[in-house]
Amino acid sequence: MYQSYALGIDLYQTQEPKSAYQTDAVGQDPYQAYGRGHGPYQPHEPGYGLYQPGYSPYDDQIPDPKSRMLAIQNAKAYLLKSSTTSGLNLYDHLANMLTKILDEQPANAVDIIENISKDVKWARFQKKMDTLRDEHEMLPTFEAAEKCKALFLKANGEGDEELEEEIGETPLPNVMETAFYFEQAGIGLSKDESYHIFLALKKLISVQPIQTCRFWGKILGLEMNYIIAEVQYHEGEEEEETEEEEVIEEEGKGMGEEDEDEKKEKEDEPPKSTYKPPPVIPREENGTGANKYAYFVCNEPGKPWVKLPPVTPAQIVCARKIKKFFTGRLDAPVVSFPPFPGNEANYLRAQIARISAGTQISPIGFYQFAEEEGDEEEEGGAGRDTYEENPDFQPLPAAEMVDSLSAWVHHGQSILKQGRCVWFNPFQKSEEEEEDEEEEKAEEPDEVQQETGPPLLTPLSEDEGIQNIPAWTAQCSTNLIPQYAVAILQSNRWPGAYAFASGKKFDNIYLGWGHKYSPENHGPALPPPVQAEYPSGPEITEARDPTLEEELAFKAAREEALAAAEEGEDEEDVAEDDEEEDDD
Amino acid sequence: SLNCVEWSLLPPATDEMVAQAEQLKGRFQGDPSFEYTYTEINAEDAERLFEDGKKPMIKEESRLVATIEQIDRAVGIIPRGAFVKTPLGSVRENRHFEGLSLTEAKKLSSYFHFTKPVNLKKKTLLEKADLDPSTDFLDSLEHDIPQGSWAVQLEKGGTVVVLRSLLWLGLTFYHVPMTKQYGYIYFGTGEKNLDLPFML
């Protein structure tokens with residue numbers, strides 16, 4: 001204020017040197033210009049009466065218009081003067097503030113004027129430009145969007161022609177339609193996500209030779225989730241992985257032989273363990289039983305699909321005993337007891353197999369058994385593996401589907417205790433096993449009973465409940481509009497498995513953590529009892545050394561025996577005596 | 001409510017109800033007037049709980065109320081800064097809360113349990129010096145036992161952060177960073193996941 005006063009005087013004096021009368025008036029001008037910025041005060045405003053022209057220290061006004069213009073210019077110069085600390089000037093700041101107020105028209109602007117001023121200043125803040133500039137930061141949102149973008153691009157060139165031919169029968173499922181039906185029940189993913197999954201499945205199909213494809217569901221994990229697609233290949237297309245497995249087995253055998261050679265070189269071999277591991281039950285072939293479908297997973301739609309390895313019975317048996325959360329990384333180890341043979345990808349595949357076997361259902365009549373000859377010869381009654389769609393399927397109305405559980409059947413084959421769908425006798429005498437039997441005939445394991453499970457296409461009414469809870473809960477999507485109601489089933493054994501049926505359409509889905517429901521708490525298996533190191537026999541058991549009396553008695557008994565056996569050969573008697581004396 | 005059209009008011013939860021409900025296992029039936037009978041209760045407990053000689057039964061609505069109370073107490077969470085404590089001691093909603101930043105949103109320490117704090121007093125003085133008494137007056141999620149009982153995920157390309165509780169399977173908390181939107185909701189069977197330590 002005082003600086004500008006002095007300035008004002010200087011400017012004024014250089015231009016028009018006048019009397020002190022006017023210097024006084026000059027002092028008033030910036031003051032008045034400031035007052036003018038606020039406008040004349042009305043009687044009800046607090047500023048009234050403070051700066052009245054008649055009562056200010058600098059009383060006299062400037063009558064001369066020329067000097068008034070000059071005064072205005074001085075005032076404006078004052079307002080345009082930049083502050084030394086922030087580089088802003090009052091004129092611009094006031095202008096911005098007024099612009100913002102007029103644009104936004106907030107209520108009670110005068111009450112929050114300080115906040116507005118602060119916000120405007122904050123908005124003006126600019127980072128200093130260093131000589132080192134930061135790389136343009138990729139926001140994670142942007143990165144994720146880039147990945148999704150790939151989904152939305154159409155395949156170029158070759159893709160177009162093939163699409164035209166195959167539009168008749170695409171393996172691509174109509175994910176949006178199933179999502180709509182599930183939404184009627186209040187289950188499902190958001191529309192965005194469903195659509196992304198739709199596009200991701202389309203991409204999967206264009207890459208792999210797939211015959212049928214289905215969105216199986218989503219399993220939640222700690223760090224990331226899994227989106228799972230169930231896929232069936234064209235026949236004869238999936239021979240890639242079996243070759244790899246054979247190679248690994250051969251290498252393993254080579255190593256085993258070397259070890260045995262080294263052992264035989266030592267003189268005193270450590271006692272060979274009599275532990276015979278239980279026979280390894282071979283996994284089912286791709287395309288049958290538990291491996292009927294192949295599964296692809298990805299963490300998010302847009303990320304590449306990874307094929308899950310086929311499941312082995314050992315993995316299923318172990319998966320039944322443990323309960324672990326999925327982390328979201330397929331290569332994570334599964335630390336548990338009993339130790340799970342494999343990493344998270346195998347555990348995931350095993351859980352998927354169990355869930356599919358337990359919860360894949362369809363309305364009765366939709367699938368029927370194919371009419372083949374000679375079904376029941378080899379398999380012993382558990383034979384029917386395949387089913388086909390029934391062209392004469394008559395859908396039941398939703399109310400009936402909900403009322404009785406026998407209107408639904410399982411079309412997923414159930415898994416036996418062994419871990420397979422079709423029972424395998426591990427003690428069949430094949431060529432390999434005969435060699436083993438020659439060496440150790442010590443204990444022949446008992447014959448294992450053939451295991452049977454419920455045959456394919458059993459109705460749900462035969463599913464066991466858990467304690468007093470039925471295995472499935474059925475509901476209609478709405479009671480208000482029965483014509484368009486959708487029948488919904490929720491599984492109680494695998495919470496998260498849902499199925500819907502509406503007319504000829506039906507589908508299953510799983511959305512959950514991937515664990516079975518049990519009202520009791522999970523108890524881990526106890527460690528097995530400590531194995532005996534060596535078989536205990538008379539040779540190594542400690543016994544009390546015989547006392548003198550016992551020895552004498554023994555000798556007497558032996559001599560009697562000798563006397564009785566004198567009729568035998570003499571040489572043998574001598575030999576026996578020698579041996580027995582050594583032993584003593 | 002069973003059909004979102006007719007609503008009935010539930011009685012408030014008492015500690016006794018909570019204690020009784022903890023002993024019940026299994027799913028809810030869906031009928032608020034269903035009565036449970038205890039199956040595995042010791043003779044001593046029965047005497048203690050029912051001194052008047054009442055039969056050991058508990059209604060499903062009490063169990064429901066007790067479960068809701070347990071869930072809220074155990075896993076009801078809010079982002080840091082959403083509520084402030086005034087100097088007089090009362091807790092108010094913070095109208096200037098503008099949301100957590102993206103980096104803050106990924107950390108468990110920026111979320112608090114929305115119940116009376118249990119662990120605050122056990123912190124060392126050094127830690128307490130860093131706290132801001134107006135916003136840090138609740139327990140943070142970092143020290144939940146067992147460690148790792150929350151799954152933090154970013155959805156929708158990083159625009160929404162979702163926390164899922166593993167102790168009560170089905171409790172989901174969401175927050176859109178840099179905005180005021182947050183909330184939690186429970187969809188599930190209403191059973192505590194007691195197998196959690198085996199599953200991690």
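Each chain gets a letter, A, B and so on, in the order the sequences are listed, and its residues count up from 1.
Residues A:Leu222 and B:Val152 are not in side-chain contact: their nearest non-hydrogen atoms beyond the backbone lie 4.5 Å or more apart. With a 4.5 Å cut-off on side-chain heavy atoms, B:Asn193 and A:Trp513 do not count as touching.
For the residue pair A:Asn225 and B:Gln153, the shortest heavy atom distance occurs at OD1-NE2, 2.8 Å. The two residues B:Ala151 and A:Gly221 make their nearest non-hydrogen contact at CB-O, 4.3 Å.
Atom-to-atom distance recorded for A:Met224:CE and B:Leu154:CG is 11.5 Å, nearest 0.5 angstrom.
With sequence neighbours left out, B:Phe114 forms a side-chain contact (heavy atoms from CB on, under 4.5 Å) with B:Ile78, B:Phe83, B:Leu138. Under the salt bridge (charged side-chain N to carboxylate O under 4.0 Å, His left out) criterion, A:Lys516 pairs with no residue, sequence neighbours left out.
Atom NZ of A:Lys118 sits in a sparse spot, with 12 or fewer heavy atoms from other residues, nucleotides or ligands closer than 6.0 Å.
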